[in-house]
Amino acid sequence: MQKRKAAYPILDLLKDRWSPRAMAGESLSHEELYTLFEAARWAPSSFNNQPWSFVHADRDSEYWNTFLDLLTPQNRRWADKAGVLIVVLSRSLFFYDDRPSRTHSFDTGAALENLALQGYSMGLVVHGMEGFDYERAHQVLKAPKEYTVEAIFAVGKPSSLSVLPEELQVREKPSDRKPIEQFVFKGIFGKTT
Ligand SMILES: Cc1cc2nc3c(=O)[nH]c(=O)nc-3n(C[C@H](O)[C@H](O)[C@H](O)COP(=O)(O)O)c2cc1C
């Protein structure tokens, strides 16, 4: 496997986590799945508001096909081998006073990175998706109106490349990142010197 190179010495976990697509079509145990949610639980959030919610469909549950149908055909062709599909939502109003929260999506993104890092460290595939019908997801979940659907995550046991269509097999490797100079600035946006 191609190794990523960090420009500064960060934790291996941060550098090595990636989003494969090849999964074995096996269920996760309750313990495995809830360990991921426990990781998400400890993320920081504005006012410790913890705006995230997760609605999951296990592959052997009555909800599986409904969740799978939300995905674009491009995502369905690999995500159908996940053990679980997790819809990630966040509450757009603070819990304690129902005032709009500016950071609910930001906070929920932090929770997701916790979940993804935990999953990677357990040898699981964790792969985010925006390729799905957001409106229909909100409807089928019967989510309250103050909740935003943020993403769906496919989580599963890893598998060999052969389960993927050829076009996806060649893309099944860790991606690189933009250099720091392209997104870190001094004092004024865009200024690097
Ligand atoms: C919120 C979110 C949405 C994504 N949507 C899709 C998607 O619809 N389909 C897909 O194949 N990958 C999707 N990805 C995966 C990204 O393409 C991937 O995380 C990115 O290329 C970086 O690669 P890495 O996670 O392997 O480091 C998504 C990732 C995130 C975090």
Side-chain angles (χ1 to χ4, degrees), residues 1-8 10-25 36-37 39-40 43-45 51-57 59 66-92 103-138 140-141 143 147-161 163-180 182-183:
M1 167 145 348
Q2 171 186 315
K3 272 277 178 197
R4 286 170 164 174
K5 277 207 183 81
Y8 292 87
I10 59 169
L11 297 174
D12 283 346
L13 180 62
L14 302 178
K15 176 172 56 69
D16 294 340
R17 180 220 57 81
W18 67 293
S19 306
R21 291 188 178 84
M23 290 178 280
L36 301 183
F37 296 136
S45 58
W52 45 79
S53 281
F54 305 104
V55 184
H56 65 93
R59 67 175 297 111
T66 310
F67 277 42
L68 208 52
D69 279 350
L70 295 171
L71 306 181
T72 58
Q74 291 89 333
N75 280 333
R76 207 179 305 137
R77 68 195 164 144
W78 56 268
D80 65 350
K81 303 278 189 327
V84 60
L85 291 170
I86 304 171
V87 182
V88 182
L89 304 101
S90 69
R91 193 175 196 269
S92 59
T103 61
H104 65 95
S105 297
F106 185 85
D107 298 337
T108 298
L112 243 303
E113 179 68 345
N114 273 16
L115 188 155
L117 291 171
Q118 181 67 39
Y120 176 77
S121 75
M122 291 160 65
L124 297 171
V125 169
V126 179
H127 198 126
M129 289 174 284
E130 66 155 297
F132 67 94
D133 187 329
Y134 276 75
E135 271 178 29
R136 205 148 60 79
H138 200 278
V140 300
L141 264 49
Y147 277 77
T148 304
V149 173
E150 301 284 5
I152 298 182
F153 274 70
V155 182
K157 303 279 173 75
S159 175
S160 64
L161 284 184
V163 297
L164 294 175
E166 257 175 49
E167 181 209 337
L168 292 180
Q169 289 187 18
V170 293
R171 289 167 54 192
E172 188 76 341
K173 50 185 178 236
S175 53
D176 204 354
R177 290 296 186 269
K178 295 190 277 194
I180 287 184
Q182 286 185 18
F183 63 91

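Just so it is clear, the values below take in all heavy atoms, side chains as well, and ignore hydrogens, waters and symmetry mates. Counting convention: from 1, in listed order, for ligands and their atoms alike. Since the model is a prediction, treat every value here as computed from it, not as a measurement.
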NZ/NE/NH1/NH2 to OD/OE distance under 4.0 Å, Arg171 and Glu166
no
Around ligand 1, what residues show up once you keep those with a heavy atom under 4.0 Å from it?
Arg4, Arg17, Trp18, Ser19, Arg21, Asn75, Trp78, His127, Gly128, Met129, Glu130, Gly131, Ser175, Arg177
Of all heavy-atom pairs between Thr108 and Leu89, which one has the smallest distance, and what is that distance?
CG2-O, 4.0 Å
Compute whether any side-chain donor of one residue and acceptor of the other, for Ser90 and His104, lie under 3.5 angstrom apart.
yes
Whether Phe37 and Phe54 hold their rings parallel, tilted or perpendicular, with breakpoints at 30° and 60°
parallel
For residues Ser160 and Ala22, report the shortest heavy-atom separation together with the two atoms involved.
O-CB, 3.7 Å
For Ser19 and Arg21, which I'm curious about, is there any donor-acceptor pair between the side chains at under 3.5 Å?
no
